[in-house]
J.: 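Below are the structure tokens for one structure; questions will follow.
In the text below, chain A, chain B and the rest are named by the order of the sequence lines, each starting its count at 1.
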There are 2 protein chains.
Amino acid sequence: MSEENIKLLKKAGLKITEPRLTILALMQNHKNEHFSAEDVYKILLEQHSDIGLATVYRVLNQFDEANILIRHNFEGNKSVFELAPTEHHDHIICEDCGKVFEFSDNLIEQRQKEISEQYGIKLKAHSLYLYGKCSDIETCEEIVKKDEK
Amino acid sequence: MSEENIKLLKKAGLKITEPRLTILALMQNHKNEHFSAEDVYKILLEQHSDIGLATVYRVLNQFDEANILIRHNFEGNKSVFELAPTEHHDHIICEDCGKVFEFSDNLIEQRQKEISEQYGIKLKAHSLYLYGKCSDIETCEEIVKKDEK
DNA sequence: CTAATTGCAAATAGTTTGCATGAGC
DNA sequence: GCTCATGCAAACTATTTGCAATTAG
């Protein structure tokens, strides 16, 4: 596992350092979660790591550049990162509690291709975000509570 | 025209003030453009307006709340706003020539609603961008030329 | 050994807020 | 007249950067 990660970093032209390996492993252990730099920093603190916040930012940016992570800008003012998925997926975000679901829908994917062709464009990529509000207010609030503790 | 805008503000429960009317008109005069708060402030400065930056932020936020404007978070760290389009549409962008087509597809819209429901979220909005390359190279280049002149 | 990396603190960018003054209704 | 709105400066949040010390290759 760690061998794999060392290869990954080398391929990205990055030196093998403890902060980079630690943060990479952290993101891999939270595959479908979205973490801000601050989130990552807090987890590191809990693990009694002495990696500084500035390094977290630097490493996350490098990983984004290297396509190891994907950066999202869901909520206005801060970026969140997730491990780059091997399979493409889109996102549904609750505007109230910030909960994020991931989904992938063949029907939509297919239709996108058709539409692109109609406009004479060969589709290369897309970004789709659905924004809404949890219908179940209890679930919605539960998650807010989780965030606060 | 200004009558219309006064109605718009009243409907949003906002008092009719000069900063709000000015900023509203400004956004209407730049229908498909995306402005950050700073952009708006700079334009106001050029017009020798004495509206403060804090007011620009407050007004843009109020207009966003009132659905007069739409807020986007394309680029990581700042929000940009555009006049809310009367009809929803999505975008196809050619990565080579920058040409943008607007489209709206009922099948995709419908499917998005279904997916959201599956995840227990009431869909409020979405953003969909298709990125690709013009299949017809001539068209693609023509437009580049057009843009450059 | 040399250049890249790190931690810390200071700097910056974008945005929000407290407060006294001024304007809408 | 009473409340809401504004301008200014100060506060805040997310992020970046300068620099000296440290480490990977």
Side-chain angles (χ1 to χ4, degrees), chain A residues 2-3 5-24 26 34-45 47-66 68-69 71-81 98 147-148, chain B residues 2-3 5-26 34-45 47-66 68-69 71-81:
Chain A
S2 197
E3 281 302 312
N5 287 347
I6 287 174
K7 274 187 208 161
L8 235 181
L9 293 184
K10 281 196 178 155
K11 211 171 71 180
L14 298 169
K15 286 191 177 176
I16 313 308
T17 67
E18 183 263 322
R20 300 215 253 244
L21 285 173
T22 305
I23 292 173
L24 179 50
L26 191 163
H34 303 88
F35 288 150
S36 67
E38 203 74 39
D39 293 336
V40 171
Y41 182 61
K42 274 184 202 150
I43 295 174
L44 292 174
L45 279 185
Q47 299 175 358
H48 305 294
S49 159
D50 57 354
I51 300 173
L53 181 56
T55 300
V56 172
Y57 274 102
R58 281 186 281 232
V59 170
L60 291 177
N61 282 334
Q62 290 158 347
F63 284 3
D64 176 35
E65 290 267 312
I68 295 171
L69 301 180
R71 176 197 301 263
H72 299 279
N73 295 114
F74 304 143
E75 310 140 59
N77 40 350
K78 67 179 172 181
S79 296
V80 295
F81 300 83
D147 276 358
E148 281 169 355
Chain B
S2 196
E3 282 301 314
N5 286 348
I6 288 173
K7 272 187 209 161
L8 235 180
L9 293 184
K10 280 196 178 154
K11 211 170 70 179
L14 298 169
K15 285 189 177 175
I16 313 308
T17 67
E18 184 264 323
R20 300 214 253 242
L21 286 173
T22 305
I23 293 173
L24 179 51
L26 191 162
H34 302 92
F35 288 152
S36 67
E38 203 75 38
D39 293 336
V40 171
Y41 181 60
K42 273 184 201 150
I43 296 174
L44 292 174
L45 280 186
Q47 297 175 359
H48 305 294
S49 160
D50 57 354
I51 300 173
L53 180 56
T55 300
V56 173
Y57 274 102
R58 280 185 281 232
V59 171
L60 291 177
N61 282 333
Q62 290 158 345
F63 285 3
D64 175 36
E65 289 267 315
I68 295 171
L69 300 180
R71 170 195 244 113
H72 299 279
N73 293 115
F74 303 144
E75 312 140 58
N77 38 350
K78 66 179 172 182
S79 296
V80 295
F81 300 83

J.: A side-chain contact here means heavy atoms from C-beta on lying under 4.5 Å apart; do A:K78 and A:N73 qualify?
T.: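 No, every pair of side-chain atoms sits at 4.5 Å or beyond.
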
J.: Looking at every non-hydrogen atom in both residues, tell me the closest pair between A:F63 and A:R20 and how far apart they are.
T.: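 Closest pair (atom of A:F63, atom of A:R20, distance): CZ-O, 3.6 Å.
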
J.: Indicate yes or no: at least one non-hydrogen side-chain atom of A:F35 is less than 4.5 angstrom from one of A:I43.
T.: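 A:F35 vs A:I43: side chains touch.
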
J.: Rounding to an integer number of Å, can you tell me how far B:L14 CG sits from C:dC25 P?
T.: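 The distance from CG of B:L14 to P of C:dC25 comes to 11 Å, rounded to the nearest Å.
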
J.: Rounded to whole Å, please give me the gap between CG in A:D39 and P in D:dA14.
T.: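 Rounded to whole Å, this separation is 10 Å.
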
J.: Mind checking B:R20 for me? I need base, sugar-phosphate or nothing, with any heavy atom below 4.0 Å counting as a touch.
T.: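 Sugar-phosphate contact only - B:R20 comes under 4.0 Å of backbone atoms but never of a base.
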
J.: Please state how far atom CD in B:Q62 lies from atom P in C:dT15, giving the value in whole angstrom units.
T.: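 Taking atom P of C:dT15 as the reference, CD of B:Q62 is at 16 Å.
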
J.: Any side-chain heavy atom of B:L60 within less than 4.5 Å of one from B:L69?
T.: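 Contact flag for B:L60/B:L69 side chains = yes.
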
J.: Measure from the side-chain heavy atoms of B:A54 and tell me the nearest of D:dT6, D:dG18, D:dA9.
T.: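 So the nucleotide nearest the side chain must be D:dA9.
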
J.: Quick one: which of D:dT15, D:dT6, D:dG25 gets closest to the side chain of A:K78?
T.: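 So the nucleotide nearest the side chain must be D:dT15.
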
J.: Does the side chain of A:E38 come within less than 4.5 Å of A:L53's, by heavy atoms?
T.: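 Yes. Closest side-chain heavy atoms under 4.5 Å.
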
J.: In whole angstrom, give the distance that lies between atom CD1 of A:I51 and atom P of C:dC8.
T.: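 One finds 11 Å between P of C:dC8 and CD1 of A:I51, rounded.
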
J.: Of the nucleotides C:dT15, D:dA14, C:dA9, which one has an atom closest to the side chain of B:S79?
T.: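 The nucleotide sitting nearest to the side chain is C:dT15.
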
J.: Quick one: is B:N61 getting a side-chain N or O under 4.0 Å of the C:dT16 phosphate, OP1 or OP2?
T.: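 For C:dT16, OP1/OP2 do have a side-chain N/O of B:N61 under 4.0 Å.
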
J.: In whole angstrom, give the distance that lies between atom CG of B:L9 and atom P of D:dT6.
T.: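 In whole Å, D:dT6 P lies 10 Å from B:L9 CG.
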
J.: Return the value, rounded to whole Å, for the distance between atom NZ of B:K10 and atom P of C:dG24.
T.: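 In whole Å, C:dG24 P and B:K10 NZ are 13 Å from each other.
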
J.: Between B:L53 and A:E38, which residue's closest nucleotide on DNA chain D lies nearer the 5′ terminus?
T.: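 Its nearest nucleotide lies further toward 5', so the answer is B:L53.
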
J.: Once you round it to whole Å, what is the distance between P of D:dA14 and NZ of A:K42?
T.: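 Rounding to the nearest Å, NZ of A:K42 and P of D:dA14 are 9 Å apart.
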
J.: Which nucleotide in the set C:dC25, D:dT15, C:dT5 lies at the smallest distance from any side-chain heavy atom of B:I16?
T.: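 So the side chain of B:I16 is nearest to C:dC25.
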
J.: OP1 or OP2 of C:dT5 less than 4.0 angstrom from a side-chain nitrogen or oxygen of A:T17, does that happen here?
T.: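 For A:T17, the contact criterion (side-chain N or O under 4.0 Å from OP1 or OP2 of C:dT5) is not met.
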
J.: Starting at CD of B:E18 and ending at P of D:dA5, how long is that distance when rounded to a whole Å?
T.: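 After rounding, the gap between these two atoms is 15 Å.
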
J.: Does B:K15 get its side chain close enough to the base of D:dT3, under 3.5 Å, for a donor-acceptor pair?
T.: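 Counting by modelled atom types and ignoring angles, a donor-acceptor contact under 3.5 Å is found here.
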
J.: Output yes when at least one side-chain N/O atom of B:Y57 is less than 4.0 Å from OP1 or OP2 of C:dT15, else no.
T.: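 So the side chain of B:Y57 is within the cut-off, an N or O lying under 4.0 Å from OP1 or OP2 of C:dT15.
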
